[in-house]
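Encoded as structure tokens, the structure appears first; notes follow it.
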Amino acid sequence: MKTERIIINPNPIGGLTEEYLMEHLESAAEYIKNGEVVAFPTETVYGLGADAYNVEACKNIFKVKGRPSDNPLIVHIASREEVNLLTSLWTEKAEICANNFWPGPLTLILPKSDKVPREVSGGLETVAIRMPSHPVAVALIKKAGCPIAAPSANLSGKPSPTEGEHVWRDLAGRVPLIIDMGKCDIGLESTVLDLTGKIPIILRPGGITKEELEAVLGNVELDKAIGIVNTENGGTDTFIPKSPGMKYRHYAPEGQIFIFSRGKLEEEMVSQNIYGDVARRIAVLCTNETEKKMNEELKNRLDYLYVLGSGERPREVAANLFEALRLCDENKIDIIFAEGIDERGIGLAVMNRLKKAAGKNKA
Ligand code: TXA
Ligand code: MG
């Protein structure tokens, strides 16, 4: 399949107006209306979208990504009215979440309406709904005139794409159109919040933090699957994760990841015996602060070094993490030493992705 790439200038003369976007997204909207799959930017990561009400189009998303069909899709909307068609129960907590965090990186799990195809919900009785804030995502949904079901636009098992170029590398030849508007602001996926029980449960930490949610909702819990990483000898989790996506090995680069804490890089490298083994290609992903303190001998031993940003600004680290993991693959890295950061705020999502990437169990 020939893939077209539309590049949207974030700062066109006259500004990124609705008219400008509508004009440039005309063919993309046509593809969606005709039941095709299109890749587009959101403020979190790029999405691979199709008309959420078109069963065949949604099935095609799974095919293009190589994604297991029991892993449900998020339905993206551009206006509040659309939730009434998608869920059979819009709760008070949902209203609070929408008022505070939409449009933005928060996905709400609610009981699904009959209108949501089972192919979208992965056979579950619930539906995941998110109103993105990225101008291209919003304009595309409006122009197509339907909610857009979309997972992240990576091949299954790869880190989510945070640049149009990442999507191009994964999906060129597999989709008719990729809309490219450069780097995504947040760089990690949305927070997935289950609102079907009494207490809201975070199924996947992401762009909206637990602290931000608690400030408006009161008590919010973390799903037990978060933070638990399957180990090589079969894993420690005996329960079934509520979010089907949690059970798959995700965000995985080819190399093996070791997470080190600030100040402990050399110790970790010595314990992995990398100085005596020149056959393996070694990468370090770390904060500015760690890079500044690294001695020359250690730096010279590295095949690849990526500075994620300041440890004082975890949102910077979040925005660069997936690109860093992808570049490790491009540099054919065998072993990755990645610096862990504080698990507060966005740090919880960063560490969740890093731990998952480090998990060796290919479920
Ligand atoms: O930021 C994002 O959320 C991006 C952009 C494109 O919006 N999308 C994204 O989609 O990350 P995806 O498919 O890669 O991840 C969706 C997650 C999966 O872990 C899936 O299992 C979970 O949400 N999910 C979807 N529907 C669900 C449901 N009804 N119940 C529980 N979990 C659900
Ligand atoms: Mg994904």
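For ligands, and for the atoms within them, numbers begin at 1 and follow the listed sequence. Residue numbers run from 1 in the order of the sequence given. Computed from a predicted model, the values in this text were never measured in an experiment.
Counting atoms of ligand 1 from 1 in the listed order, those under 4.0 Å from a heavy atom of Ile109 are 27 (C), 28 (C), 30 (N), 31 (C), 32 (N), 33 (C). Near Ser152, meaning under 4.0 Å from one of its heavy atoms, ligand 1 places the atoms 8 (N), 9 (C), 10 (O), 12 (P), 14 (O). For ligand 1, the atoms sitting less than 4.0 Å from at least one non-hydrogen atom of Thr44 are 1 (O), 2 (C), 4 (C), 5 (C), numbered in the order shown with element in parentheses. For ligand 1 and Val192, the ligand atoms under 4.0 Å from any heavy atom of the residue are 23 (O). Residue Pro72 approaches ligand 1 through these ligand atoms, each under 4.0 Å from one of its heavy atoms: 20 (C), 21 (O), 24 (N), 25 (C), 26 (N), 27 (C), 28 (C), 33 (C). Of all atoms in ligand 1, numbered sequentially from 1 with element shown, those under 4.0 Å from a heavy atom of His76 are 5 (C), 6 (C), 7 (O). Within ligand 1, the atoms closer than 4.0 Å to a non-hydrogen atom of Ala128 are 25 (C), 26 (N), 27 (C), numbered from 1 in the order shown.
Taking all heavy atoms of Arg67, Glu125, Arg204 into account, the minimum distance to atom 11 (O) of ligand 1 is reached by Arg204. With Leu73, Ile74, Leu124, Asn71 as candidates, the residue nearest to atom 18 (C) of ligand 1 on a non-hydrogen basis is Asn71.
Here's the thing with Thr107: none of its N/O atoms is less than 3.5 angstrom from an N/O atom of ligand 1. Distances between N or O atoms of Arg130 and those of ligand 1 include at least one value under 3.5 Å. Between Ser190 and ligand 1, at least one N/O pair is under 3.5 Å apart. Inclusion of Thr126 in the set of residues having an N or O under 3.5 Å from an N or O of ligand 1 is warranted.
Contacts of Leu203 with ligand 1, taken as heavy-atom pairs under 4.0 Å, involve the side chain alone.
Comment: Arg326 does not engage Glu323 in a salt bridge, judged by the lack of any side-chain N to carboxylate O separation of less than 4.0 angstrom. A salt bridge links Arg130 with Glu43: the closest approach of a Lys/Arg side-chain nitrogen to an acidic carboxylate oxygen falls below 4.0 angstrom. Ion pairing of Asp334 with Arg280 is absent here, as no side-chain N (NZ or NE/NH1/NH2) approaches a carboxylate O to less than 4.0 Å. Using a 4.0 Å cut-off between charged nitrogen and carboxylate oxygen, Glu221 and Lys198 do not count as a salt-bridge pair.
Between Arg204 and Ser190, the side chains place a donor N or O and an acceptor N or O closer than 3.5 Å (distance only, hydrogens not considered). When only modelled atom types and interatomic distance are considered, Lys115 and Asn84 share no side-chain donor-acceptor pair under 3.5 Å.
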Run Phe40 and Leu25 through side chain to side chain contact (heavy atoms under 4.5 Å, CB included) and show every step you take.
CA-CA 10 Å; Phe40 63 98; Leu25 296 176; over 6 Å; no

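Other residues, nucleotides and ligands contribute only 12 or fewer heavy atoms inside 6.0 Å of the CG atom of Asp114.
Phe337 is linked by a ring pair (Phe, Tyr, Trp, His ring centres under 6.0 Å) to Phe258, counting only residues two or more places apart in sequence or in another chain.
The Mg ion (ligand 2) does not have Asn154 among its coordinating residues (no N/O/S atom, backbone or side chain, under 2.8 Å).
With hydrogens and angles disregarded, no donor-acceptor distance shorter than 3.5 Å links the side chain of Glu267 to the backbone of Lys264.
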